[in-house]
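Order of appearance sets the numbers: ligands from 1, and atoms from 1 within every ligand. What you are looking at is a predicted structure, and each value in this text was computed from that prediction instead of being measured.
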Amino acid sequence: MTHGSNKIPATLIPGDGIGPEIVDAVVQVLDALGAPFAWDHQQGGMAGIASGGDPLPGATLDSIRSNKLALKGPLTTPIGGGFRSVNVRLREEFQLYANLRPARTLVPGGRFDNIDLILVRENLEGLYVAFEHYIPVGDDPHAVAVSSGVNTREGSRRIVRYAFEHALKQGRKKVTLVHKANVLKALTGVFLEAGRHVAKDYEGRIAFDDRIVDACAMQLVLNPWQFDVIVTTNLFGDILSDLIAGLVGGLGAAPGANIGDKAAIFEAVHGSAPDIAGKGIANPTALLLAAGLMLDHVGLTDQATHLRKAIDQVLNQDNIRTGDLGGKTSTSDYAKALVQRVGSGL
Ligand code: NAI
Ligand code: MG
């Protein structure tokens, strides 16, 4: 596709289920905002299978490779048929080592108010390398299950450094490293060691402390406000990022970014929601917030802030909300309200 030189080329994958509906809403709002993306539309998920038999077509990979930037709707991973998770394939293909999961209270009055946390999860190593096998004993083929995790010093330093750099950019005050080095002395000990090493470079600028993962889980529920930026290994990050999404009311408001040196892919944390697909009632907020992270990522912080403000105002001043947040508004009317707010200059 052609685009002006001031445009930023980016791959756009509508995805499956509610994907096309929420992507449509997001593109409308970004247009109203004047976000300078030149979208290269590509297929993925079931749509990819329908067109060429692969949920992650070569053309989609080529597009991401050349644009280095993508916004994607949720992709349905077909059950059976030997398809690997598209999301895992993307992470590996582009070495997207950092998974960024911010959580911020959008609608006050929930169980926790004024939450504003960032979780940075290592996305390629740890127990999720899934080096697993069974050892048969007697007539039981699954008598013993064995799994090995892999954390490298290099990978650990890279993710902790990413967390500190992100903290600096976002004006954050503290990074907390979460581990289980008292038990998994090698696997998560190397992560803690690397973290302490990297933290020295930020002394006087960003505070650093560490927590054991189980204690951290409890503290996140008792007093989440003590945390600012959390950095942790793959498995712990998977679990804690969902916990943190729960603190701000669940999936509807949870954006995610997968970031590497070769590419960055932005998405909502939720899936394709087949139960409500095609009904025009899906909440596009998580994907909108992901688009906000994308604007941050390319340095358009003012537009990102403007977008987040518009979302706050539509939800809390206009009281326009989709069904999952207790409202009655359709996806398209919610998008219209956002377009108005964005255009009004707030
Ligand atoms: P899901 O997140 O799609 O849905 C869980 C529940 O939340 C459903 O009741 C759904 O209606 C609701 N929900 C999700 N997003 C919503 C939104 N934006 N607005 C209103 N309600 C929303 O999880 P589920 O059902 O387990 O997975 C469905 C498919 O999505 C599966 O094929 C799965 O593999 C895929 N998936 C893809 C992801 C991705 O592409 N990043 C992430 C998670 C799941
Ligand atoms: Mg998860």
Side-chain angles (χ1 to χ4, degrees), residues 11-26 29 42-49 55-56 60 64 70-81 83-91 96 99-101 103 106-107 119-123 126-128 130 217 232-246 248-258 265-291 293 311 315 320-335 338:
T11 305
L12 184 69
I13 305 170
D16 300 313
I18 59 170
E21 300 162 54
I22 58 175
V23 164
D24 199 49
V26 169
V29 176
Q42 295 291 337
Q43 298 295 350
M46 300 312 264
I49 294 182
L56 193 53
T60 303
I64 299 172
L71 181 67
K72 76 179 255 300
L75 304 179
T76 299
T77 296
I79 297 171
F83 289 108
R84 286 176 64 223
S85 156
V86 171
N87 296 309
V88 173
R89 276 176 68 193
L90 282 171
R91 266 177 230 161
L96 306 173
N99 184 213
L100 188 63
R101 293 270 300 262
L106 284 183
V107 179
L119 187 130
V120 178
R121 163 188 171 191
E122 202 293 322
N123 223 8
L127 275 164
Y128 282 19
T232 189
T233 49
N234 208 337
L235 170 64
F236 299 157
D238 192 4
I239 298 167
L240 292 183
S241 57
D242 275 26
L243 192 161
I244 288 169
V248 297
L251 289 174
N258 296 286
I265 302 179
F266 298 82
E267 63 184 344
V269 167
H270 62 71
S272 54
D275 51 333
I276 59 165
K279 295 186 178 160
I281 57 171
N283 184 358
T285 305
L287 193 65
L288 276 163
L289 292 169
L293 296 177
I311 293 170
L315 290 174
I320 292 177
R321 299 177 191 168
T322 47
D324 57 307
L325 293 179
K328 290 195 184 115
T329 307
S330 67
T331 311
S332 58
D333 284 347
Y334 178 68
L338 280 163

Roughly how far, to the nearest 0.5 Å, is [atom2] of [Y] from [atom1] of [X]?
{"X": "Leu90", "Y": "Leu75", "atom1": "CG", "atom2": "CG", "value": "7.5 Å"}
{"X": "Thr233", "Y": "Asp238", "atom1": "OG1", "atom2": "CG", "value": "10.5 Å"}
{"X": "Leu71", "Y": "Leu288", "atom1": "CG", "atom2": "CG", "value": "9.0 Å"}

As a test of reading the model: which residues have a non-hydrogen atom less than 4.0 Å away from ligand 1? Ile18, Lys72, Pro74, Leu75, Thr76, Thr77, Asn87, Leu251, Glu267, Val269, His270, Gly271, Ser272, Ala273, Pro274, Asp275, Ile276, Ala282, Asn283, Asp324
Is a side-chain N or O of [X] found less than 3.5 angstrom from the main chain of [Y], in a donor-acceptor match?
{"X": "Arg91", "Y": "Leu96", "value": "no"}
{"X": "Asn99", "Y": "Ala257", "value": "yes"}
{"X": "Ser272", "Y": "Pro74", "value": "no"}
{"X": "Asn234", "Y": "Tyr128", "value": "no"}

Could you name all protein N, O or S atoms found under 2.8 Å from the Mg ion (ligand 2)? Asp238 OD1
Of the non-hydrogen atoms in Leu287 and Val23, which two are nearest, and what is the gap between them? CD2-CG2, 3.6 Å
Checking His270 against Asp324 for the side-chain contact (heavy atoms from CB on, under 4.5 Å) test, could you report, in this order, the C-alpha distance in whole Å, the side-chain angles of both residues, the deciding distance, and whether it holds? CA-CA 13 Å; His270 62 71; Asp324 57 307; over 6 Å; no
